[in-house]
Amino acid sequence: MHGIARTTLMAGLRFFCVAGVLANDAGEASGTPRDRLPPEVEEIVLAVRGLGPDGHWYANFGEYAPEGLRSKPTYPSGSQLRAVNLRTGAVRTLLADPKGGIRDPQVDYDAERIVFSYRPGGRKHYHLYEIGVDGSDLRQLTDGPWDDIEPSYLPDGDLIFVSSRCKRWVNCWLTPVAVLYRRHRDGSGIRQISSNIEHDNTPWPLPDGRVLYTRWEYVDRSQVHYHHLWTANPDGTAQMVYYGNLHPGIVMIDAKPVPDSEQVVAIFSPGHGRKEHMGKVTLVSPKSGPDARPAARDLTKGGNYRDPWAFSGNCFMAARDASLVLFDAEGREEALYTLPPEETRKGWWCHEPRPLTPRPREVILAGRVDPEQTTGRMLLMDVHAGRNMQGVKPGEIRDLLVLETLPKPINYTGGMEPLSYGGTFTLERILGTVPVERDGSAYFEAPAMRSVFFVARDENERAVKRMQSFTGVQPGETLGCVGCHEHRTSSPPAFDKALPLAVQRPPNVIKPVPGVPDVIDFPRDIQPILDRHCVECHHVGRAEGGAILTGGRGPLYSHSYFTLTVMHQLADGRNLPRSNYPPRALGSGAAPLLDKLHKGHHEVAVPPRERRLVRLWLDSGAAYPGTYAALGSGMIGGYEMNKQVINHDRNTPEARAAAAVIGRRCASCHDPMKKPLPRSLSDEIGFSFWQPNLGDRRIRRNRHIVFNLTRPEKSLILLAPLARSAGGRGVCRPKDAGDGDDHDPVFADTGDPGYEALLALCRAGKRTLDDHPRFDMPGFRPRPEWVREMKDFGILPAGFDPRRTPVDVYEIERQYWKSLHYQPRK
Amino acid sequence: MIRRPDPEMTPDNITTDRNPGPRTPHTPWHAALFAATLLIPAAGAAAAPVDMVASPAGDRLYVAMRDGSAIASVDPEAGKVLRVMRLEHKPTGLALSPDGSKLHVTSGLGKGRWTELETSSGRVLRELAVGHSPMAPVASRDGTRLYLCNRFENSVEVINLDTGKKAASHAVTREPVAAVMRPDGKALFVANHLPAGAADGGYISAAVTVIDTASGATHRIALPNGSTGLRGAACSPDGAFVYLTHTLARYGLPTTQLDRGWMNTSAVSVIDARKFEYLATVLLDEIDRGAANPWGAACSPDGMILAIAHEGTHEVSLIDRAGMHNRIARAANGEKVTEVSSSLDSIQNDLAFLNGIRRRVAIDGSGPRAVAIAGRLAGAACHFSDSLSLVDLASDPRSVKVRRVPLANTGKPSLVRRGEILFHDATTCFQHWQSCATCHPDGRSDALNWDLLNDGIGNPKQTKSMLFSIQTPPAMISGIRSTGQAAVRAGMKHIQFAVRPEEEAVAIDAYLENLEPVPSPALVDGKLSPAAARGKAVFEKAGCAVCHNGPHFTDKRSHDVGTGRGREKAVKWDTPTLREVWRTAPYLYDGRAPTLEAVFTEHNPGDRHGKTSHLSKDELHHLVEFVRSL
C-alpha cells in the first residue's frame with residue numbers, strides 16, 4: 001500500500017506541474033519566475049571571482065606565448081565555490097582561495113559531489129578537483145603542466161573536460177588551446193577525443209547520450225566567425241555540426257539541454273565573443289537542422305548574461321554581473337542572489353550557477369573506438385550529393401585530395417603574418433589522394449585523431465569543391481557520409497543500387513603524392529618555378545602587367561608572394577566569413593595563376609610536375625612559409641591595429657630621413673590619401689594587416705612591394721623615380737615635368753641625396769633581416785619561444801641551444817606533429 | 001462484471017510524459033490500482049491488444065486483446081471499460097459493421113477463424129473457418145462483404161455476409177497485414193508486410209495491392225526502395241488518399257551509424273486512392289530522434305488529422321493532414337518547401353518535412369499498435385502495457401492531454417514477455433531509430449540485405465529469422481557470433497549503439513528461445529501433404545539431410561555450398577534451420593533466390609548445396625513442398 005500511495009502522489013504532482021505550465025501558457029501568469037522554479041531546487045552552487053584581463057572568451061587560463069609577457073596572468077585571482085540557499089538566503093562557502101581561481105562547477109547525478117576546475121593560489125595551472133556538496137573531501141583529480149577546465153560528468157561515470165595538454169596554440173592569439181578529453185573517474189584512461197587545432201569549449205551531455213560542445217575552427221575562412229555548436233559521442237566518434245556552422249559571427253557556448261524538451265539553451269556571445277562568454281541567453285531547437293535561422297530565439301534582451309541553466313522550457317537561470325537571475329520564456333526576470341558589496345567592490349561576479357539537485361543520467365552510448373587501431377575508415381556515399389553542386393556532372397569528380405590542418409606549436413600575434421597576407425592562419429599538410437568511384441562513392445582508411453578535410457578534384461586534378469571545415473575519425477571508427485555539404489536534415493537517399501562501388505573492395509589507403517613535399521614552402525618550392533618561367537617578364541625592371549614575381553624579400557613577404565596575392569591569382573578564399581562556395585570557386589579550380597600555367601600564357605610551357613606542385617600549393621592554403629618557425633621572426637612591422645608589431649622601424653633615423661624625402665619629393669603625385677607611399681618599412685599606409693582590401697589598387701604600391709630588402713638597390717621605390725640613364729625605370733616625374741623619355745626624372749642619378757636616403761632605408765631593412773634572418777635565409781634561427789615549446793613538448797632536448805646548434809625547423813616540426821599522432825594502446 | 005469507476009481514472013488524470021529516454025513499459029501503479037476493479041483477464045495474463053475500431057458515433061472503442069482472448073468495449077469519454085467480450089480464440093483483427101451493431105473478429109495464428117459478435121450483447125452470432133492467420137478484416141459499406149487478410153496464404157479472402165460463406169479469394173504479393181476500403185466501397189487497399197523477390201538487386205520493396213471490389217481485379221503499387229514492415233493503412237474520409245505506415249530502410253549503406261536515419265527510417269506513404277498511384281513517402285522521424293515501428297493509422301472523421309501509432313517509441317503522431325498535403329503539392333510543383341524538399345522524390349529523405357505540422361505525443365503506454373479516433377479522442381491500443389491511451393485532440397498542442405485506461409491486470413511481465421517488450425522497444429536504441437523488431441518483425445526477417453560491420457564492409461547479408469537462433473549456435477549466416485546470446489549483445493552494441501543492462505539481454509534471449517514456429521500453410525490439417533510426404537524422401541536422397549538434420553534441421557556447422565560470390569567465394573556458411581523456411585524468402589546468404597525452387601535449381605551449380613540437378617520436375621516440386629512444410 002505504501003508503494004501505491006507514493007506513486008499516486010507522484011502522479012498527482014506530475015499532473016500539478018502540467019497544470020502549472022498550462023496556466024502560464026494561457027497567460028494566467030501567476031506572479032514571478034520564482035514560482036516556476038521546481039520545488040526540489042533549494043540550493044544553487046556557483047563560483048564567484050573577478051575577471052581576467054584578456055577580452056577573448058577563451059583566453060582565461062595558461063600563459064601568454066611571448067617571453068616578455070610570461071609574467072602577465074591571463075586569469076583572475078581570488079575566488080570561492082559557494083552554495084546559496086534560495087529559501088533561507090543562507091550562503092555556504094565550500095572552498096575559498098584568496099589568490100586562486102575556481103571555475104566551472106558541475107554537480108554529479110546524485111547531487112553528492114561537485115567537480116570543478118581549480119587553480120590554487122600561487123600556482124599557474126587549473127586542474128580538475130572534486131569536493132563533497134558539504135564542502136568536505138576535496139580531491140585533486142588531474143595534474144601536470146597544463147590546464148584542465150570545463151569538466152562535465154558523463155552518464156557512465158567518466159568525466160569529459162577540455163585541456164591544454166594537447167600541446168597547441170591558438171592560431172590567431174597568444175594563448176594555448178584546450179580541446180576535448182575524457183577520463184575515468186578513478187583518474188585512469190585520460191584520452192584526447194578531439195583533434196581540433198582550435199578551442200573546444202563547455203562540453204555537456206545531451207539526453208540522447210551525445211555530447212554538445214562549442215567548436216571553434218577556421219579552415220580557410222575567417223578566424224573570428226566560426227564558434228558554433230557541435231556534437232560528438234562521448235568517445236569522440238560521430239563529430240557533427242549541431243547548430244550555426246553556416247551562420248558566422250556568434251560564439252555559441254555554454255549550451256545545455258532544456259529538461260523535457262528537445263531544445264538547448266546557450267549563450268550567444270556576439271561577434272567573436274565577449275569576456276567570460278557574455279551574451280544573450282538563446283533557446284535553440286535542432287529540429288530544422290543546423291542552418292535554420294528561426295530555430296534560435298533570444299530569451300533575454302540584454303547581452304550581459306552568462307552560464308545559463310534551464311529548469312524547464314519556461315524557467316531559466318543565468319549569471320548576470322554580480323547576480324544570479326531567474327527568468328521565464330517571456331523574459332520576465334528576477335534576481336535570485338547578488339554578491340555582497342565587499343565582493344562587488346573587488347570586481348567579483350557570479351559564475352556558472354548549477355542547482356544542487358539530483359538529475360537523471362543521460363543515455364549511455366556504446367563505444368565505437370578500438371584503441372588498438374591507428375586508423376579509422378571514412379565512407380562517402382556520393383560526392384555529388386550536396387548543396388551548391390550546380391553544374392557538376394555525375395562522374396566528374398575523380399578523387400579527393402586529403403589535407404590535414406596542422407596544429408601550431410606557438411603563436412605570437414592576432415594576425416596571420418607571415419603565413420599569408422590576409423589568407424590562411426594555418427599550415428595544411430597534403431596527406432595524399434583517394435579515388436572516387438564513378439558512382440561518387442569513396443571508401444578509405446584515414447589516420448585516427450587528425451583534423452582532415454577534402455578537396456574534390458576533377459580528371460585534371462583541379463579543385464571542384466573544397467571543404468572549409470574539418471572532420472576526422474577515432475581509432476577504429478567507421479564514419480559514413482551522405483555526400484559533401486549535403487542538407488543536414490536529409491537522411492541518406494535510398495540508393496537504387498545494390499552497393500556503392502567503393503565498398504565492393506577493401507578501403508583505399510591514402511596515396512601520398514609522389515615528388516611533392518607534404519607541406520609546401522613557397523620560397524623553397526614555388527619560387528624556383530616562377531624563376532624559371534615568369535620572372536623574365538615580371539621583374540622589377542619590366543613588370544609586365546604590373547606584376548613582379550621575383551623572390552626578393554619585402555619587409556614580410558617575398559615580392560612574388562605579395563603580387564600573386566594582391567593580383568587575385570590564388571583564389572584562396574581569403575580570410576572571410578564565407579563557406580560552401582559554388583563549384584570551381586577556390587584553389588586550383590579557380591586560381592588565374594593556374595590557368596596561365598595550364599592554358600598557356602604567352603609562350604610559357606610549364607612541365608606537368610611543376611604544374612602539379614603549384615596546384616597542390618594552391619589547394620593546401622597557398623601559404624608563404626612551410627614552417628611555423630617562421631612566425632614572429634625575419635619580419636619588419638606587423639599587426640599595427642593590435643600593436644603587435646615586430647621590429648617596427650618608424651622612428652629609426654633612416655626611416656625619418658626617408659619619410660622626409662617622400663614628403664618632399666614624391667608627395668606632389670603621391671597624395672597621402674589617394675596614392676600613398678609607405679614612409680617606413682613598417683608603414684601599412686592605412687591598410688588593415690589581417691583584412692587587406694585587395695580591391696583597393698593603392699595596395700599595389702604598399703610596403704610589401706616597394707622595398708627590396710634582398711637587393712636594396714632593386715627596390716621599386718628607388719627605381720621608379722630614377723632616370724633610365726641611371727639604371728632606373730624613370731616612371732616618376734615631378735608633376736610639372738613635360739612628356740618625353742627620361743625628362744626630368746625625380747632622381748637624375750644615384751647621387752641624389754633623396755635617392756641615397758631611400759636606399760639607406762632599404763639597406764637598413766636588409767641589415768635587420770641579416771641580423772634576424774627570415775625562415776628562407778641562411779642563418780635563420782627560430783625564436784626562443786618556439787624552441788621553448790619544442791623542449792616542453794619533448795621534441796628538442798632540454799639543453800638545446802639554437803645559437804650553437806643549427807636546427808632544421810622543418811624536420812623538428814614534422815616530429816612535433818608526429819608526436820601528436822594517436823598512439824595505439826592495448 | 002462492471003465495477004465502480006476507478007477513482008484514479010478521472011478525466012483529469014492526464015499526463016504529458018515526454019521523457020525521451022528509455023521507459024519502463026509497465027507502470028506498476030496503474031496495475032496495482034486496477035486490481036481493485038478486477039475487470040478481466042485473469043491476473044498475470046497479458047491482454048496484448050492488437051487492433052481497435054471506433055463506433056460510427058465515436059462513443060465506443062472496441063479493442064481486440066490477442067492474449068486476453070477478448071474484446072473490450074470502452075467508453076472513451078468516460079475512460080472506462082464497459083464490457084469485455086470473451087472469445088474462445090486469440091483475436092488478431094477487428095472490423096465493425098457499417099451500422100455498428102456487429103463486430104467481425106479474425107483469430108488464429110495458423111488455422112483461422114471469423115467470428116461475428118453482437119456489439120450490444122457480446123453474443124457470438126456466426127463463426128466460420130477461414131484461411132491461414134487471418135487479420136485486418138474490412139466490412140464493405142453495404143454490409144454484404146467482409147474482406148480478410150490471410151497473412152501467410154498471401155491472399156485476401158472475401159466472405160459473403162448474407163450467406164456467411166466464402167465468396168472469393170484474391171492473391172496479393174506477400175503477407176497482407178492491413179487493409180482499408182475507399183469510402184465509396186469500390187477499392188480495397190491492402191498493405192503487404194514484406195518485400196517479395198530477390199534481395200541482391202538494386203530494388204527491393206514491399207508493395208500495396210489494390211483490389212477492385214466489383215471486378216476482383218488487382219493492381220500493384222510499388223513503394224520506394226527499401227520499404228518494408230508495412231503495418232497500418234488508413235484512407236482519408238473523402239477517399240482521395242490512402243496512407244500506409246512502414247519502415248523505409250536505407251539498406252544499401254553499411255551499418256556504420258544511426259544518425260540522421262542512416263539505417264532505418266519510419267515513414268508513411270501516400271497513395272492517390274483514385275488513380276491507384278504512389279504519390280510520396282513522408283518521414284515520421286526527426287533529425288535527431290527516430291519514430292520507430294510505425295504501426296496503426298487512422299484519419300479523423302473530419303479529415304483534419306492523420307494519427308499514426310509508433311509501436312517502438314510509445315508515441316502517437318498527430319499530423320495536420322491539410323498541412324502535409326499542402327507541402328506535398330508544393331514540392332510536386334518544384335517549390336522549395338523545406339531545406340530538403342523541392343520535389344516529390346526528395347520528401348522521402350526529409351527529416352524535417354513534418355516540422356510544425358505534426359505533434360508527437362508520448363502516450364503513457366508501451367507498444368501502441370492500433371489507433372482509432374472517436375470524437376475528440378484518439379485511442380492508441382498499447383500491446384505491451386495492456387492499456388489504452390486516449391489523446392485529447394482538442395488539448396493545447398504544447399501540452400497534449402493523455403489519459404491511460406488499463407485493459408488488464410497483468411502484473412509483472414514474465415521474463416519471456418519482458419524480452420518481447422524489449423525486442424520491440426526502440427527507446428533503448430540511440431535516438432530511438434529502431435528496435436530489434438524493426439529488422440526482425442515478429443522475431444523474423446525484414447527480407448532485406450544489410451551490410452553489417454562484423455564481417456567487413458561491402459558484403460551485405462540477408463536478415464535471418466531469430467526462430468531457433470538461441471537453440472542453433474553459432475549465430476549469423478557467417479557464424480561469426482558463437483551463440484545467439486552473443487549476437488543479441490552484439491546487436492545492442494553495434495546496431496542499437498546502446499549500453500544496456502545484462503538483464504535486458506537475458507530477457508531477449510528468453511524471448512527468442514521461446515519463439516514458436518507458426519504451422520506452415522503448406523500443411524494439410526497439420527500434416528504433410530501427399531506431395532510434401534513424397535518430398536521427404538527426395539530431401540534424404542538429395543543429401544539435404546546431411547547438413548539439415550536434427551530437430552531444427554541444422555547440423556550447426558559451416559559449409560561451403562558453392563554460393564559464395566566475389567570476395568566471399570568459398571566462404572563457409574552456417575547451416576540455417578529449415579523450420580519456418582516457408583516464411584523466410586528470399587534465400588541464400590545474400591537473398592539472391594526468391595523461391596526455394598530457385599535455391600535448388602539456378603543457384604546450385606555443381607550440386608554443392610545438395611544433389612538437386614538430377615531431380616525430375618515432380619521430385620523438385622515434392623522437395624519444395626516438403627521444405628515449405630517444415
Side-chain angles (χ1 to χ4, degrees), chain A residues 3-4 7-8 10-11 14-15 18 21-22 25-26 156 206-210 231 233 237-238 240 260-262 286-289 291-292 360 362-368 377 379 381 443 477-480 482 487-500 502-507, chain B residues 8 12-22 28-29 32-33 200-203 224-226 248-254 256-257 259-262 265 283 285-289 338-340 348-352 355 396 398-399 430-431 451 453 457-458 460 492-494 496-499 566:
Chain A
I4 293 171
T7 48
T8 307
M10 283 172 64
R14 196 156 54 158
F15 170 53
V18 170
V21 171
L22 280 173
D25 286 345
D156 64 357
L206 286 171
D208 66 16
R210 294 176 298 167
T231 56
N233 291 347
T237 57
M240 184 98 69
D260 298 326
S261 142
E262 286 154 341
K287 292 297 173 192
S288 297
D291 307 322
E362 299 83 8
V363 169
I364 302 175
L365 302 184
R368 293 198 228 172
R377 282 153 298 282
L379 167 62
M381 301 312 299
Y443 178 42
E477 177 183 9
T478 303
L479 178 70
V482 174
H487 289 294
R488 307 302 180 195
T489 51
S490 175
S491 66
F495 291 88
D496 281 342
K497 57 193 177 190
L499 274 179
V503 304
Q504 298 182 31
R505 49 167 175 69
Chain B
E8 203 52 40
D12 290 334
N13 185 11
I14 56 172
T15 64
T16 55
D17 184 358
R18 287 177 58 78
N19 175 17
W29 66 272
L33 286 165
D200 63 338
Y203 173 87
N225 195 10
L248 184 59
R250 320 277 160 166
Y251 69 91
L253 307 176
T256 51
Q257 63 223 47
D259 310 69
R260 291 197 276 152
W262 190 265
T265 50
L283 293 188
D285 315 290
E286 294 168 283
I287 177 172
D288 59 356
R289 191 158 68 102
T338 64
E339 273 300 302
V340 171
Q348 69 188 49
N349 302 318
D350 187 351
L351 291 165
N355 273 6
D396 187 318
R398 288 168 294 183
S399 183
F430 173 64
Q431 292 183 346
D451 195 3
L453 270 56
I457 281 179
M492 289 172 143
K493 179 173 187 211
H494 300 295
Q496 308 279 55
F497 295 92
V499 174

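Because the structure is predicted, anything quoted here is derived from the model rather than measured.
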What distance separates A/N233 CG from B/F430 CZ, expressed to the nearest 0.5 Å?
-> 5.5 Å
B/L453 side chain near A/T478 side chain, heavy-atom distance below 4.5 Å | yes
Qualifying residues under side chain to side chain donor-acceptor pair (under 3.5 Å), relative to A/R488, sequence neighbours excluded | A/E486
In this structure, CG of B/D451 is separated from CG of A/L379 (nearest 0.5 Å) by 9.0 Å
Do the non-hydrogen side-chain atoms of A/R377 and B/T256 ever get within less than 4.5 Å of each other?
-> no
Heavy-atom closest pair, residues B/I287 and A/P286 = CG2-O, 3.3 Å
Choice from A/H487, A/K287, A/M240 maximising heavy atom contacts with chain B below 4.5 Å | A/K287
Shortest non-hydrogen separation from A/S491 to B/Q348 and the atoms involved = OG-O, 4.2 Å
Between A/P492 and B/W262, what is the shortest heavy-atom contact and its length?
-> CG-CE3, 3.5 Å
Counting heavy-atom pairs under 4.5 Å to chain A, which of B/V499, B/D285, B/L248, B/L283 comes out on top?
-> B/V499
List the atom of A/S490, the atom of B/L351, and the distance in Å for their closest heavy-atom pair.
-> C-CD1, 4.1 Å
Roughly how far, to the nearest 0.5 Å, is CD of B/E286 from CD of A/E262?
-> 5.0 Å
Within-4.5 Å side-chain heavy-atom neighbours: A/M381 and B/L253 | yes
Can you name the closest pair of heavy atoms from A/V503 and B/P254 and give their distance?
-> CG1-CG, 4.3 Å
Does the salt bridge (charged side-chain N to carboxylate O under 4.0 Å, His left out) test come out yes or no for B/D288 and A/R210, once each step is laid out?
-> CA-CA 10 Å; B/D288 59 356; A/R210 294 176 298 167; 3.6 Å; yes
For the residue pair A/L499 and B/P460, what are the closest heavy atoms and their distance?
-> CD1-CD, 3.5 Å
Against chain A, label B/D350 side chain, backbone, both or neither, depending on which of its atoms sit under 4.5 Å from a heavy atom there.
-> both
